[in-house]
2 protein chains.
Amino acid sequence: MRVSLKDVAAHAGVSIKTVSNVVNDYQHVTPAMRERVQRSIDALGYRPNLTARHLRKGRTGIIALALPELGNPYFAELAAAVIDAAAAHDYIVLLDHTGGRREQEILVSQGFRARVIDGLILSPIELESDDLRDRAENVPLVLLGERHYDLPYDHIAIDNVAAARAAVRHLVGLGRREVAFIGARRGGSEPAQLRVRGWREELTSAGLPADDGLVAATDGWGHADGAAAMIRMLDTGRRPDAVFAYNDPMAIGAMRVLHERGLRVPEDIAVVGFDDVVEGRFGAVTLTSVSPDKEAIGRLAVESVLARLSGQAPEPRRVRADYRLVERESTLGRRTADDGTGG
Amino acid sequence: MRVSLKDVAAHAGVSIKTVSNVVNDYQHVTPAMRERVQRSIDALGYRPNLTARHLRKGRTGIIALALPELGNPYFAELAAAVIDAAAAHDYIVLLDHTGGRREQEILVSQGFRARVIDGLILSPIELESDDLRDRAENVPLVLLGERHYDLPYDHIAIDNVAAARAAVRHLVGLGRREVAFIGARRGGSEPAQLRVRGWREELTSAGLPADDGLVAATDGWGHADGAAAMIRMLDTGRRPDAVFAYNDPMAIGAMRVLHERGLRVPEDIAVVGFDDVVEGRFGAVTLTSVSPDKEAIGRLAVESVLARLSGQAPEPRRVRADYRLVERESTLGRRTADDGTGG
DNA sequence: CTGAAAGCGCTAACAT
DNA sequence: ATGTTAGCGCTTTCAG
């Protein structure tokens with residue numbers, strides 16, 4: 001059986017408190033005492049029972065992170081960032097995925113899957129304001145991704161409209177005149193809507209078409225969805241000279257289709273993605289993409305949880321994370337100096 | 001403050017035990033009583049404190065999963081499989097990453113990062129048998145990936161040697177005569193060594209060269225490492241007609257280099273990867289790859305932990321998971337019927 | 001079928 | 001500087 005404080009105390013011939021003091025590095029312990037207790041700890045192989053400590057202190061040291069899916073490398077990389085940021089504060093991360101389904105997101109937000117946590121970081125897709133309104137759970141919740149919830153929760157997000165506009169501006173600046181958008185999610189997803197809005201605003205202000213025929217809706221946000229959307233658009237007879245995709249996997253799926261149809265990227269159709277996943281840097285045509293600062297997002301999310309946990313930050317915060325547009329071959333074409341594999 | 005069993009008991013005018021019985025769906029509770037208690041539970045919004053339950057029962061309902069890195073989509077997909085398998089047994093998953101560094105792997109195996117878990121699933125890279133020999137931790141440990149540890153822990157793995165042989169056999173069957181191996185990890189990694197061994201065995205038995213000049217060692221296992229290794233090999237003047245890479249990201253990195261150098265895949269050089277990540281199905285040239293059954297691996301790992309937790313399975317098990325070779329354009333060339341995006 | 005009470009292992013007052 | 005003790009919220013004998 002596991003050895004407890006009591007066992008160590010008995011072995012060392014001291015009280016439980018003294019052992020606890022040593023374990024917790026209390027100040028007022030004589031070196032001799034510390035030495036003696038430590039010897040017993042080592043001899044018995046004592047390891048503190050964190051569950052008991054948690055019960056006592058009301059904190060578990062665990063943050064839950066709920067993402068739509070791990071198969072999308074953006075979320076995988078984000079998870080890594082959160083794990084590292086949490087580790088910096090001696091927190092560990094419980095990971096869950098929702099599939100981007102509203103039901104799952106509601107369950108997670110109410111803590112049905114994990115009730116042993118100090119805080120929750122949730123990246124919602126379909127979740128509505130109303131779903132959160134009567135949230136009974138009292139652990140801090142931080143939302144990832146831009147939303148217009150009128151609710152008292154911290155948000156961490158980049159400015160999707162501005163980022164989408166920057167992507168489209170880049171395309172327009174290269175002389176593209178018919179820019180399609182792939183990935184306006186069916187059933188509505190706020191980040192997708194915001195990117196569509198940015199796409200539309202930028203095109204409109206440039207006096208270029210932004211009609212619905214240039215927008216392809218999808219059910220998911222994977223490679224296959226991007227490929228299917230590209231096929232559908234081409235099959236309508238519409239032939240844009242540029243594509244802005246909701247994310248990189250969809251952009252890459254679309255590029256695959258263009259390649260199969262003998263259309264050249266970027267000569268015939270330029271492509272811009274979103275998220276800057278590693279994969280985009282190593283294709284036959286490297287992918288221009290909006291690159292959110294994932295480390296910052298992960299760090300800010302963890303810090304938000306911890307701040308709220310310690311009673312700081314009375315006002316719900318909307319934090320804007322940085323992003324930048326990384327220009328690669330899918331818009332610029334093959335360069336002489338090969339920097340295709342660079343960041 | 002949080003409401004406890006005691007509060008509910010007071011509110012319902014019954015004892016704590018009765019409330020506990022209702023919460024835990026005990027058999028012998030009169031419907032009237034159950035009704036009454038349930039009403040109080042709802043009125044107060046009672047939620048059981050899992051930490052307390054865990055302390056009492058000695059189980060936390062948490063499994064830790066420690067992977068080398070999440071950026072590699074294989075591990076991300078594997079994590080998803082483990083989360084789902086765990087959920088099927090009402091377990092949640094604590095995720096950690098080791099970077100494949102021995103020190104981190106040792107720390108994880110000894111539970112330094114997470115001591116609130118019922119079991120640990122670890123996918124080691126550099127960890128040695130000796131590192132595990134004096135493991136004081138008493139939670140069940142299941143190892144992912146083929147190893148020759150002579151230690152009493154469950155292993156879940158595919159047969160790397162056989163899988164590598166199948167990949168090479170496929171290349172040889174297509175008439176390739178000089179097959180390089182990319183990704184023999186510097187500093188030694190057992191799975192990498194086993195794949196090298198399978199590569200060598202198959203080539204040798206086919207009477208083909210398998211000298212060290214055909215093997216490129218790397219420090220990591222990402223796209224960039226595969227690209228760098230490919231560059232080094234080509235720069236030695238060696239011009240293989242096929243490449244077998246340790247994993248898909250490295251294969252894709254290598255293909256990028258071949259593309260930059262104007263070498264055609266598969267006409268000039270055929271490429272086979274390992275892990276069958278989604279990304280490999282959507283490049284300009286889709287990637288032939290060894291496809292491990294990730295769902296099975298995740299499920300078997302979780303089941304191993306739970307079996308050991310319930311005192312079953314006295315003997316440490318070595319479980320072989322399935323794999324298959326998925327043949328795509330990087331070895332077969334562009335097909336007429338387009339099945340490039342299929343599994 | 002329900003109530004009382006002990007105790008899981010730990011921390012934090014409080015006492016010495 | 002060290003010891004005593006209550007109690008975190010729950011489950012679980014053991015009574016009734």
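All chains are named by letter (A, B, ...) in the order of the sequence lines, taking the proteins before the strands, and each is independently numbered beginning at 1.
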Let me know the distance between [atom1] of [X] and [atom2] of [N], rounded to the nearest Å.
{"X": "B/Ile41", "N": "D/dC10", "atom1": "CD1", "atom2": "P", "value": "10 Å"}
{"X": "A/Arg56", "N": "D/dA6", "atom1": "CZ", "atom2": "P", "value": "13 Å"}
{"X": "A/Ile16", "N": "D/dT5", "atom1": "CD1", "atom2": "C1'", "value": "10 Å"}
{"X": "B/Leu5", "N": "D/dC8", "atom1": "CG", "atom2": "P", "value": "12 Å"}
{"X": "A/Arg53", "N": "C/dG9", "atom1": "CZ", "atom2": "C1'", "value": "10 Å"}
{"X": "A/Lys6", "N": "C/dG7", "atom1": "NZ", "atom2": "C1'", "value": "8 Å"}
{"X": "B/Tyr26", "N": "D/dC10", "atom1": "OH", "atom2": "C1'", "value": "12 Å"}
{"X": "A/Asn24", "N": "C/dG9", "atom1": "CG", "atom2": "P", "value": "17 Å"}

Nucleotide of [options] approaching [X] most closely (side-chain heavy atoms):
{"X": "A/Asn21", "options": "C/dT2, C/dC10, D/dT2", "value": "D/dT2"}
{"X": "A/Thr18", "options": "D/dT2, C/dA4, C/dA13", "value": "D/dT2"}
{"X": "B/Tyr46", "options": "D/dC10, C/dC10, D/dG9", "value": "D/dC10"}
{"X": "A/Lys57", "options": "D/dC10, C/dA4, C/dA12", "value": "C/dA12"}
{"X": "A/Val29", "options": "C/dT11, D/dT2, C/dA12", "value": "D/dT2"}
{"X": "B/Lys17", "options": "C/dA12, C/dC8, C/dA4", "value": "C/dA4"}
{"X": "B/Ala52", "options": "D/dG3, C/dC1, D/dC10", "value": "D/dC10"}
{"X": "B/Asn49", "options": "D/dG3, D/dG9, C/dT11", "value": "D/dG9"}
{"X": "A/Leu55", "options": "D/dT12, D/dC8, D/dC10", "value": "D/dC8"}

Q) Is the closest side-chain donor-acceptor distance between B/Arg135 and B/Ser109 under 3.5 Å? A)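 No - no donor-acceptor pair under 3.5 Å links their side chains.
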task: Check whether any side-chain N or O of B/Glu69 sits under 3.5 Å from a backbone N or O of B/His97 as a donor-acceptor pair, and report yes or no.
output: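 A pair under 3.5 Å: no.
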Salt-bridge criterion met for B/Glu126 and B/Arg185 (N-O under 4.0 Å):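 Yes, B/Glu126 and B/Arg185 are salt-bridged.
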Do the side chains of A/Glu295 and A/Arg299 get close enough for a salt bridge, i.e. N-O under 4.0 angstrom?
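Salt bridge flag = no for A/Arg299 with A/Glu295.
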Exercise. Contact class for B/Leu50 (heavy atom, under 4.0 Å): base, sugar-phosphate, or nothing?
Worked result: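 Result for B/Leu50 = nothing.
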Exercise. Contact class for B/Val14 vs. all strands (heavy atom < 4.0 Å): base, sugar-phosphate, or nothing?
Worked result: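 Sugar-phosphate contact only - B/Val14 comes under 4.0 Å of backbone atoms but never of a base.
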Are OP1 or OP2 of [N] and a side-chain N or O of [X] less than 4.0 angstrom apart?
{"X": "B/Ser4", "N": "D/dG9", "value": "no"}
{"X": "B/Ser20", "N": "D/dT11", "value": "yes"}
{"X": "B/Thr30", "N": "C/dC1", "value": "no"}

Problem set entry | Cationic tip of B/Lys294 above B/Phe75 ring, under 6.0 Å, 45° of axis |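 No, cation not above the ring by the 6.0 Å, 45° rule.
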### Message
With a 4.5 Å cut-off on side-chain heavy atoms, are B/Ile121 and B/Val305 touching?
### Response
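A side-chain contact exists here, since the closest heavy-atom pair is under 4.5 Å.
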